[in-house]
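What follows is one structure encoded as structure tokens, with my remarks underneath.
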Amino acid sequence: MLLGKDLAVEFRSRETLSSVLVLAVLVVLVLGFAAPSGVSAEAAGGLLWVALLFPALQIQTRLWASEADQGMLDALMGAPVGPAVLWLSKFLLSVVLTAVLALVLTPLFLVIIGETVRGPLGIFLAGMALGVIGLGAVGATLSLLTARMRLREALMPLMALPLSVPLFLGAVVITSGSLSGTPHQVGLWLLLMGVFDVMYIALPLLVADILMEV
Amino acid sequence: MLEARQLVVKRGLREVLRGLTLTLRAGEVTVLFGRNGAGKTTLLRTLGLLGWADGGEILFRGRRVTPEDVAVRGHIGQVLHESFGYGALSALENLGFFSRLFGQAGEGALEALRRVGLAAFADEPVRTYSEGMRRRLDLARLLIIDTDVWLLDEPLAGLDTPGKDFAGDLVAEARQAGKAVLVVSHEPLPASVPVDHTFHLERGHVLPGRTGA
């Protein structure tokens with residue numbers, strides 16, 4: 001129900017996804033034109049995640065801020081719904097919106113730079129999925145922490161980027177390896193990303209009541 | 001019904017509420033006056049379980065409320081200082097969402113909007129509403145959610161004269177229905193509101209018997 005409401009609000013207002021998609025497409029075009037022809041597959045993986053990361057952070061900054069701006073944080077806290085459920089709904093929204101972003105940007109980016117997935121498609125998709133889920137979890141938590149702050153648009157990326165480094169590294173290694181067709185230490189990096197995701201989902205669920213009061 | 005015992009709430013080093021004790025009984029209307037910054041909104045937020053006290057306790061039906069008791073929130077209807085509602089959704093959709101959020105069927109939303117005078121605007125996005133219309137929507141929300149306690153922070157703010165009279169009638173009806181009602185207000189309530197207790201909040205304590213801000 002909460003996710004349905006969030007999607008309805010997003011669909012009606014189009015305040016997040018439409019503007020972010022435009023920005024994301026522009027970033028991809030700029031990267032595509034700026035990258036030298038024949039850019040290596042290893043570099044292409046990194047560029048793809050850079051193109052995804054910044055628009056994704058913009059989506060996540062708005063997750064709770066839109067609730068706070070409309071006075072809805074208090075309204076939700078006054079309802080007989082556990083804080084963990086509230087966080088979970090925003091996490092799911094974050095994952096859905098980031099996944100839409102990835103689904104639009106990834107093929108566009110690969111076409112522009114002339115790359116294809118030469119390695120196993122399953123590994124490529126697993127890396128993308130774990131990356132999107134991890135970004136969604138970090139974003140849902142930090143967005144809540146900064147929702148009531150005046151400088152949230154600046155603070156949110158400042159906190160999210162260092163925290164996402166292990167996830168980002170894993171995602172780049174998996175994606176670059178999949179594009180080049182020679183993925184290295186796939187199991188290790190997928191495991192690291194999986195642990196990252198589980199940790200950043202479990203921790204907020206455990207302390208959701210504290211996060212809601214910040 | 002809802003009771004605060006020796007409530008202490010701090011903002012930084014300052015104690016906003018200093019050992020405050022207040023009991024809201026079923027079928028009674030309690031009115032709380034106080035100057036700006038006296039802690040009225042803090043008290044309402046704490047009683048409404050939107051924030052936790054640094055000391056003391058809150059009891060609902062004689063049982064101590066803990067942060068884990070989310071179900072207790074389902075018994076408390078609130079009108080907060082600032083009106084709220086999703087601007088992109090219509091009034092009807094907002095009411096339906098809140099009704100389901102409180103575990104109720106979402107029925108009676110249109111009737112509630114008719115009662116508060118918003119039926120003609122039921123399908124309009126809430127972002128197009130004026131301040132008074134938003135306040136009326138807050139009152140409609142109280143009507144569709146079946147709760148035992150009403151905590152009303154400046155419920156007359158932004159309302160025109162008929163709106164204020166209507167809000168007064170609603171409080172009287174709630175009292176009749178056995179709800180415990182706490183109204184925080186700067187301005188006198190309409191004459192139609194039967195007031196059982198009047199308190200004045202001063203320096204973090206409630207003092208009985210004084211009226212006016």
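Letters A, B, ... are given to chains in the order of the sequence lines, protein chains preceding strands, and every chain is numbered from 1. No experiment lies behind these values; they were computed from the predicted model shown.
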Fill in the blank from the handout: Checked A:Pro83, A:Ala75, A:Gly82 vs chain B; the most non-hydrogen pairs under 4.5 Å come from A:Ala75
Practice task
State which residues pass side chain to side chain contact (heavy atoms under 4.5 Å, CB included) with A:Leu26; sequence neighbours excluded, sorted by chain then number.
Solution key: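 Only A:Val22 meet the side chain to side chain contact (heavy atoms under 4.5 Å, CB included) criterion with A:Leu26.
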Problem - chain A contacts, top residue of B:Glu93, B:Glu82, B:Arg141 (heavy-atom pairs, under 4.5 Å) - result: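 Highest number of heavy-atom pairs under 4.5 Å: B:Glu93.
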Practice task
Return the option, out of B:Gly87, B:Pro125, B:Gly85, with the maximum number of heavy-atom pairs under 4.5 Å with chain A.
Solution key: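 Among the listed options, the one with the most contacts to chain A is B:Gly85.
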Which bit of [X] comes within less than 4.5 Å of chain A, counting heavy atoms only: side chain, backbone, both or neither?
{"X": "B:Gln78", "value": "side chain"}
{"X": "B:Arg45", "value": "side chain"}
{"X": "B:Leu80", "value": "side chain"}

Handout entry: Pair B:Asp123-B:Ser90, side-chain donor/acceptor within less than 3.5 Å
Key = no
Problem - A:Thr141 side chain to A:Trp87 side chain, donor-acceptor N/O pair below 3.5 angstrom - result: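 Yes, a side-chain donor-acceptor pair sits under 3.5 Å.
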Practice task
Please work out whether the ring planes of B:Tyr86 and B:Phe98 are parallel, tilted or perpendicular, with thresholds of 30° and 60°.
Solution key: parallel
Practice task
Nearest 0.5 Å please: distance from the CG atom of B:Leu152 over to the CG atom of B:Leu44.
Solution key: 7.5 Å
